[in-house]
Amino acid sequence: MQNSNASSRSIGQRTAVVGCCGVGKSTLARRIAARTGQRYVNADEIFWLPGWVQRPKPEYRRMLTEMLSGDGWVFDGNIGSNREIALPRIDTLIWLDYSWGTTMSRLLRRTVRRAWTKEEIFSGNRESWRQSFASKESILLFAWGAYGDYRTRYQQMFADLPEHISYAVRLTSPRDAETFVRSL
């Protein structure tokens, strides 16, 4: 595993950006894809249908398998329920492991911005004030509870990386991520 202080980067053709929700996976993955000329794949865009309805699992798994076939992609999404699809295809793993405070403050700012501007996220879905701040389905509530689980999952994965992953990096701050992108 590379550490976040390595000065030059050479990533593979099948990159996954992982971390807690709201940490900046989509932003970093898009930037890497643009910088490297690779295709950007967002798991949430495949998973969520209009109205925040979850796509049926068999259809989601089929679509994800198709999107992660071949080379030349940067995947934005966590490796959990889709582990057997995504993990064997990845040759580069980037973990955004920001502090709890950084992660939650970034998520809060993003959520407020999205609720205020009513920007479309994907599939016609938008975050609302009620959904974000007064619902059991709140992304903020989910992230609050899931942060430690994500950290544990990726700590274990990085401790025992599959052999086919030739490059792995743990970025611990937005500054590390910025330095990483500039080094590509």
Side-chain angles (χ1 to χ4, degrees), residues 11 13-90 92-98 102-147 149-150 153-154 171 174 177 181:
I11 64 171
Q13 294 295 307
R14 297 175 312 278
T15 300
V17 179
V18 300
C20 188
C21 47
V23 74
K25 295 183 304 293
S26 299
T27 301
L28 183 63
R30 279 190 201 102
R31 291 185 67 203
I32 293 169
R35 189 93 170 184
T36 62
Q38 296 175 334
R39 183 170 42 95
Y40 170 65
V41 178
N42 182 303
D44 283 342
E45 288 180 18
I46 302 167
F47 186 75
W48 293 108
L49 294 169
W52 294 107
V53 173
Q54 294 178 11
R55 186 176 302 278
K57 193 164 263 184
E59 183 181 351
Y60 168 73
R61 293 170 64 78
R62 179 189 54 75
M63 291 176 72
L64 184 61
T65 299
E66 288 174 14
M67 295 296 288
L68 297 183
S69 65
D71 288 337
W73 47 260
V74 180
F75 173 69
D76 155 25
N78 282 302
I79 303 167
S81 62
N82 58 26
R83 182 182 183 100
E84 67 280 355
I85 295 170
L87 190 59
R89 292 172 168 80
I90 295 166
T92 302
L93 183 61
I94 301 168
W95 174 24
L96 295 182
D97 183 25
Y98 299 173
T102 298
T103 301
M104 293 302 135
S105 65
R106 289 169 68 104
L107 179 60
L108 178 62
R109 282 192 307 270
R110 182 190 83 179
T111 302
V112 167
R113 185 193 79 239
R114 286 178 172 178
W116 181 263
T117 64
K118 299 181 183 351
E119 77 179 77
E120 181 178 335
I121 303 166
F122 42 74
S123 303
N125 294 317
R126 292 173 168 76
E127 291 182 12
S128 69
W129 293 104
R130 186 165 57 88
Q131 176 192 32
S132 299
F133 296 97
S135 167
K136 289 187 281 185
E137 284 78 39
S138 166
I139 188 73
L140 297 164
L141 189 59
F142 174 79
W144 186 285
Y147 177 83
D149 294 338
Y150 283 118
R153 177 187 311 162
Y154 294 119
L171 302 172
V181 170

Do you know the tightest heavy-atom contact between [X] and [Y]?
{"X": "Gly19", "Y": "Asn78", "answer": "O-ND2, 2.8 Å"}
{"X": "Leu49", "Y": "Asn125", "answer": "O-ND2, 3.1 Å"}
{"X": "Glu127", "Y": "Ile121", "answer": "CG-CD1, 3.4 Å"}
{"X": "Ile79", "Y": "Ala16", "answer": "CD1-CB, 4.4 Å"}
{"X": "Val17", "Y": "Ile32", "answer": "CG2-CD1, 4.2 Å"}
{"X": "Thr103", "Y": "Cys21", "answer": "CG2-O, 4.0 Å"}

Atom [atom1] in [X], atom [atom2] in [Y]: separation rounded to 0.5 Å?
{"X": "Leu96", "Y": "Thr102", "atom1": "CG", "atom2": "OG1", "answer": "11.5 Å"}
{"X": "Thr15", "Y": "Gln38", "atom1": "OG1", "atom2": "CD", "answer": "5.5 Å"}
{"X": "Leu107", "Y": "Leu140", "atom1": "CG", "atom2": "CG", "answer": "4.5 Å"}
{"X": "Ile139", "Y": "Thr111", "atom1": "CD1", "atom2": "OG1", "answer": "7.0 Å"}
{"X": "Thr27", "Y": "Asp76", "atom1": "OG1", "atom2": "CG", "answer": "8.5 Å"}
{"X": "Trp95", "Y": "Arg153", "atom1": "CH2", "atom2": "CZ", "answer": "11.5 Å"}

Does [X] have any salt bridge (charged side-chain N to carboxylate O under 4.0 Å, His left out) partners at least two apart in sequence or in another chain, and if so, which?
{"X": "Glu137", "answer": "none"}
{"X": "Arg83", "answer": "none"}
{"X": "Arg89", "answer": "none"}

ask   = Donor-acceptor pair, Arg106 side chain versus Val23 backbone, under 3.5 Å?
value = yes

ask   = Counting distance only, does the side-chain N/O of Arg126 pair as donor-acceptor with the main-chain N or O of Lys118 below 3.5 Å?
value = yes

task = May I have all residue pairs that pass salt bridge (charged side-chain N to carboxylate O under 4.0 Å, His left out) and include part of residues 64-75, sequence neighbours excluded?
result = Arg14-Asp71, Arg62-Glu66

Of all pairs that satisfy salt bridge (charged side-chain N to carboxylate O under 4.0 Å, His left out), the ones with a partner from residues 19-29, not counting sequence neighbours = none

Pairwise side-chain contact, [X] with [Y], heavy-atom cut-off 4.5 Å (strictly under):
{"X": "Leu28", "Y": "Leu171", "answer": "yes"}
{"X": "Asn42", "Y": "Phe75", "answer": "no"}
{"X": "Gln54", "Y": "Trp48", "answer": "yes"}
{"X": "Tyr40", "Y": "Ser26", "answer": "yes"}
{"X": "Val74", "Y": "Ile94", "answer": "no"}

task = Assess whether side chain to side chain contact (heavy atoms under 4.5 Å, CB included) is satisfied between Arg61 and Glu84, documenting all intermediate values.
result = CA-CA 10 Å; Arg61 293 170 64 78; Glu84 67 280 355; 2.4 Å; yes

inquiry  = Other residues, nucleotides and ligands only: do more than 12 of their heavy atoms fall within 6.0 Å of CH2 on Trp52?
reply    = yes

query = Which is it for Val112 and Phe133 under the side chain to side chain contact (heavy atoms under 4.5 Å, CB included) test, yes or no, and what are the steps along the way?
reply = CA-CA 9 Å; Val112 167; Phe133 296 97; 3.7 Å; yes

query = In terms of the angle between their ring planes, are Tyr154 and Tyr150 parallel, tilted or perpendicular, with boundaries placed at 30° and 60°?
reply = parallel

task = For Glu119, check side chain to side chain donor-acceptor pair (under 3.5 Å) against everything at least two apart and list the hits.
result = Arg113

